[in-house]
Amino acid sequence: MDGAPAILALTEIDSTNAEARRRLDSGGPAPFWSMAERQTAGRGRRGRSWHSDAGNLFLSGGFRLDRPVGDVAQLSFAAALAVAGCLDTALDPAVVRFKWPNDVLVSGRKCAGVLLESSPWKSGVALVVGVGVNLVSAPDDTTLPATSVVANGARCAVDAIRAAEHVITEFEAWRAIWARDGFAPLRQAWLARASGLGEPVQARLGSETVTGTFSDLDEEGALVLATHAGVRRVRAGEVIFPAMDKAT
Ligand code: BTN
């Protein structure tokens with residue numbers, strides 16, 4: 001085991017993911033975690049920006065892992081599970097759900113996102129795990145409607161440092177389970193809170209849109225769709241649940 005990872009607390013940074021990448025590239029010790037009160041260039045998935053006002057959680061971990069990149073991508077589920085564990089302390093756990101691949105929803109609206117960025121390292125991967133949680137505010141101009149912990153009536157004080165400590169502890173616990181037992185326990189825990197399971201889904205894969213029913217998460221983390229043309233596995237992409245989008 002690597003020992004307790006260091007946590008670097010910053011006031012302002014372009015992006016905690018970019019900062020973690022610079023630290024990995026400069027050859028310093030890993031694992032580590034960086035958090036910031038504000039980001040001036042927060043990054044989201046698929047080239048989007050991430051709303052980064054003060055009061056929310058902006059956290060990134062840096063790791064060097066001697067594992068193939070395909071396996072390492074499974075840690076995005078560990079991050080989503082860690083965020084859910086943190087939100088459970090402030091909200092009714094029944095309202096905290098996942099949207100594939102690793103969005104965390106509260107009452108059907110996006111409350112947190114995860115961005116993994118990897119690059120080759122020796123025979124393995126230098127990995128950045130970025131976590132953004134809308135603790136006190138949420139943007140109102142996102143494709144998927146967003147919300148915050150406070151907007152959902154948090155039953156305790158919402159504090160970014162305590163939230164970071166909670167997410168890190170839970171992530172490290174899930175990472176240890178993954179290292180010992182593989183992806184299966186993460187898959188099972190994620191499926192228990194998956195939204196849209198058994199419902200119609202559209203997956204946008206580049207210029208192609210695949211329509212089907214969200215039937216499973218496979219042993220590697222791909223979304224399994226039952227379509228008229230048979231089973232399709234989606235490893236990366238954007239999914240839309242028409243039923244959920246109508247409800248929000
Ligand atoms: C998403 O689009 O859902 C992923 C959002 C990830 C945002 C976090 S905030 C901390 C870290 N630093 C970044 O620039 N992005 C991630």
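Computation of the quantities below employed the complete heavy-atom set of this structure, encompassing side-chain atoms and omitting hydrogens, waters and symmetry-equivalent molecules. Every number for a ligand or one of its atoms is a count from 1 in the order of the listing.
At a 4.0 Å heavy-atom cut-off, ligand 1 touches L59 through the backbone alone. Only the side chain of Q39 comes within contact range of ligand 1, with a heavy atom under 4.0 Å; no backbone atom does.
Closest protein heavy atom to atom 5 (C) of ligand 1: W50 CE3, 3.3 Å. Ranking the protein heavy atoms by distance from atom 2 (O) of ligand 1 puts R45 N, 2.7 Å first. Looking only at heavy atoms of the protein, atom 3 (O) of ligand 1 is closest to K110 NZ, 2.5 Å. The closest protein non-hydrogen atom to atom 10 (C) of ligand 1 is T16 OG1, 3.2 Å. Among all protein heavy atoms, the one lying closest to atom 8 (C) of ligand 1 is G132 N, 3.5 Å.
Ligand 1 has an N or O atom lying under 3.5 Å from an N or O atom of R43, backbone or side chain.
Figure legend: R45 and W50 shown without cation-pi pairing, the cationic atom not lying both under 6.0 angstrom from the six-membered ring centre and within 45 degrees of its axis.
For W100 and F241, the distance between ring centers is not under 6.0 angstrom.
With salt bridges taken as basic N to acidic carboxylate O contacts below 4.0 Å, one links E12 and R38. Between R43 and E19 there is no salt bridge, since no side-chain nitrogen of the basic residue lies less than 4.0 Å from a carboxylate oxygen of the acidic one. Ion pairing between R175 and E172 holds under the 4.0 Å rule for side-chain N and carboxylate O.
F98 and V96 fall within the same hydrophobic cluster, defined by Ile, Leu, Val, Met, Phe, Trp and Tyr side-chain heavy atoms under 4.5 Å apart, directly or through other members.
For ligand 1, the atoms sitting less than 4.0 Å from at least one non-hydrogen atom of D103 are 3 (O), numbered in the order shown with element in parentheses. Under a 4.0 Å criterion applied to the non-hydrogen atoms of G42, ligand 1 contributes the atoms 14 (O).
A donor-acceptor contact shorter than 3.5 Å is absent between the side chain of E219 and the backbone of A184.
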